**Q** 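Questions regarding the structure given below will be posed in turn.
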Amino acid sequence: MTINLFEAKGINKRFGGLQALTDVSLTIRKGEIYGLIGPNGAGKTTFFNVMTGAYTPEEGEFIFAGTQLPFGKPHMVVESGIARTFQNIRLFRELTALENVMAGHHLRSKASLWGILTQNRKTREEERLITERAYEMLRYVGIERFATTMARNLSYGDQRRLEIARALATEPQLLALDEPAAGMNATETAQLRELISTIRGDGVTVLLIEHDVKLVMGLCDRVAVLNFGKKIAEDVPAVVQKNQEVIEAYLGSSHHAH
């Protein structure tokens, strides 16, 4: 039985006179890797930002795990169980890899301010568990050997992995990745593909917004296509690839499509 984990219903978003999203509805099923693609300027990142609380739409609603998501409140979106990464990597550059992941865990932490100030036993124990769990996450994405390395000194691919580890540290049900393969070489992309498969295999649903159509088509269970802010297709990759409107959207802007 398929369970719908996430539903977007009739999302509209305008910026001044520009209609960025028009009546976008889509459904992500529990346990799938769902791809969102489209040419440059199609509205992918706008949709992502509305969904994760950065922007408020004019109309529509998001239902996540049976509950309506609040608009414009990123921290509540994270608390509800959706974690995201960013197109432009946003790490704490002057912190170590381990500290970056611990920052993710702190969103889930139970420690009171008083506990932190007095460093009582319960808080110390929790801090130890958070550190251990952060190491586990680094191991999970394959960069534990860089635990004490400053984030800014990591290679590009490893910074991407670190960002995924930090997102996973919030223990999400849905992991939303914003162009994670951007700027990666073929080897890094292949490793990313493997990591995303592993994450899904361990029970986390994945939303993948990506420019790399080949990666999406080879990895996703279902794919939605946006063009000029409207959804023009949503189906399994084999069907979407043959969709005339999709082909024209990409070929019509061939200088955009990678």
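Keep in mind that the numbers below use all heavy atoms, side chains included, and drop hydrogens, waters and symmetry copies. Just so you know, these numbers come straight off a predicted model, no measurement behind them.
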**Q** Pair Arg90, Glu163 - check salt bridge (charged side-chain N to carboxylate O under 4.0 Å, His left out), show working.
**A** CA-CA 8 Å; Arg90 292 192 193 174; Glu163 202 177 28; over 6 Å; no

**Q** Please name the pair of heavy atoms, one in Ile82 and one in Pro172, separated by the smallest distance, quoted to 0.1 Å.
**A** C-CB, 4.4 Å

**Q** Taking the side chain as every heavy atom from C-beta outward, state whether Asp158 and Val141 have any atom pair closer than 4.5 Å.
**A** no

**Q** Salt bridge or not for Arg139 and Glu136, using N-O below 4.0 Å?
**A** no

**Q** Mind checking the CG-CG spacing from Leu177 to Leu192? Nearest 0.5 Å is all I need.
**A** 7.5 Å

**Q** Hey, is the main chain of Asp178 close enough, under 3.5 Å, to the side chain of Thr85 for a donor-acceptor pair?
**A** yes

**Q** Check whether any side-chain N or O of Tyr55 sits under 3.5 Å from a backbone N or O of Thr46 as a donor-acceptor pair, and report yes or no.
**A** no

**Q** Under the rule for side chain to side chain donor-acceptor pair (under 3.5 Å), what residues qualify as partners of Glu245, not counting sequence neighbours?
**A** none

**Q** In terms of hydrophobic clustering (I, L, V, M, F, W, Y; side-chain heavy atoms under 4.5 Å; direct or indirect links), are Tyr156 and Leu154 co-clustered?
**A** yes

**Q** Step by step, work out the side-chain contact (heavy atoms from CB on, under 4.5 Å) result for Tyr34 and Glu234.
**A** CA-CA 10 Å; Tyr34 185 100; Glu234 181 183 32; 2.5 Å; yes

**Q** Check the pair Asp221, Arg200 against salt bridge (charged side-chain N to carboxylate O under 4.0 Å, His left out), reporting the backbone distance first and the verdict last.
**A** CA-CA 11 Å; Asp221 300 292; Arg200 187 264 293 273; 2.6 Å; yes

**Q** So do Thr131 and Met102 actually touch side chain to side chain, heavy atoms under 4.5 Å?
**A** yes

**Q** Should Leu95 and Leu138 be counted in the same cluster of Ile, Leu, Val, Met, Phe, Trp and Tyr side chains packed under 4.5 Å apart?
**A** no

**Q** Compare all side-chain heavy atoms of Val240 with those of Pro237 and state whether any distance is below 4.5 angstrom.
**A** no

**Q** How close do Ala151 and Leu162 get, heavy atom to heavy atom, and via which atoms?
**A** CB-CD2, 4.0 Å

**Q** Against the six-membered ring of Phe92, is Arg166 placed for a cation-pi contact (under 6.0 Å from the centre, within 45° of the normal)?
**A** yes

**Q** Between Arg29 and Glu32, which heavy-atom pair has the shortest distance, and what is it?
**A** N-OE2, 2.7 Å

**Q** Is there side-chain contact between Met76 and Leu69, with at least one heavy-atom pair below 4.5 Å?
**A** no

**Q** Quick one: does any side-chain atom of Arg193 pair with a main-chain N or O of Gly218 as donor and acceptor, under 3.5 Å?
**A** yes

**Q** Determine yes or no for a side-chain-to-main-chain donor-acceptor pair under 3.5 angstrom, with Arg222 supplying the side chain and Thr27 the backbone.
**A** yes

**Q** Mind checking the CD-CG spacing from Glu59 to Asn12? Nearest 0.5 Å is all I need.
**A** 4.5 Å

**Q** Can you tell me if CZ on Phe71 sees more than 12 non-hydrogen neighbours from other groups inside 6.0 Å?
**A** yes

**Q** Measuring from atom CD of Gln68 to atom CD1 of Ile63, what distance do you get when rounded to the nearest 0.5 angstrom?
**A** 5.0 Å

**Q** Using a 4.5 Å cut-off on heavy atoms from C-beta on, say whether the side chain of Asn227 contacts that of Pro39.
**A** yes

**Q** Are the side chain of Arg84 and the backbone N or O of Ala167 linked by a donor-acceptor pair below 3.5 Å?
**A** no

**Q** Testing Lys230, Glu58, Arg14, Lys13 for side-chain contact (heavy atoms from CB on, under 4.5 Å) with Gln19, which one passes?
**A** Arg14

**Q** Begin from the C-alpha positions of Leu36 and Leu26 and carry the test side-chain contact (heavy atoms from CB on, under 4.5 Å) through to its verdict.
**A** CA-CA 10 Å; Leu36 184 61; Leu26 50 87; 4.2 Å; yes

**Q** Find out if a path of hydrophobic residues (ILVMFWY) with successive side-chain heavy-atom gaps under 4.5 Å connects Ile232 to Leu208.
**A** yes

**Q** Do Tyr250 and Met217 belong together in a cluster built from hydrophobic side chains that touch within less than 4.5 Å?
**A** yes

**Q** Any chance you could measure Ser25, atom OG, to Glu61, atom CD, to the nearest 0.5 Å?
**A** 9.5 Å

**Q** Using a 4.5 Å cut-off on heavy atoms from C-beta on, say whether the side chain of Phe228 contacts that of Thr22.
**A** no

**Q** What are the two closest heavy atoms between Leu98 and Ala134, and how far apart are they?
**A** CD1-CB, 3.6 Å

**Q** Between Thr56 and Val50, is any pair of side-chain heavy atoms under 4.5 Å apart?
**A** no

**Q** Taking a hydrophobic cluster as the set of Ile, Leu, Val, Met, Phe, Trp and Tyr residues connected by side-chain heavy atoms closer than 4.5 Å, whether directly or through intermediates, do Leu195 and Leu168 fall within one such cluster?
**A** yes

**Q** Which is it for Met137 and Tyr140 under the side-chain contact (heavy atoms from CB on, under 4.5 Å) test, yes or no, and what are the steps along the way?
**A** CA-CA 5 Å; Met137 297 287 30; Tyr140 185 81; 4.2 Å; yes

**Q** Specify the closest pair of heavy atoms between Leu5 and Leu174, including all atoms of both residues, with the distance to one decimal.
**A** CD2-CB, 4.1 Å

**Q** Just wondering, are more than 12 heavy atoms of other shown residues or ligands nearer than 6.0 Å to CD in Glu194?
**A** no

**Q** What closest approach, in Å, do Leu219 and Ile33 show between heavy atoms, and which atom pair accounts for it?
**A** O-CD1, 3.9 Å

**Q** Between atom OG of Ser80 and atom NZ of Lys73, what is the distance when rounded to the nearest 0.5 Å?
**A** 12.5 Å

**Q** Are the side chain of Asn100 and the backbone N or O of Thr96 linked by a donor-acceptor pair below 3.5 Å?
**A** yes

**Q** Do Lys44 and Phe48 meet the cation-pi criteria used here (NZ or CZ under 6.0 Å from the six-membered ring centre, within 45° of the axis)?
**A** no

**Q** Could you walk me through whether Thr205 and Gln173 pass side-chain contact (heavy atoms from CB on, under 4.5 Å), step by step?
**A** CA-CA 6 Å; Thr205 305; Gln173 292 181 64; 6.0 Å; no

**Q** Once you round to the nearest 0.5 Å, how far does CD1 of Ile209 lie from CD1 of Ile37?
**A** 11.5 Å

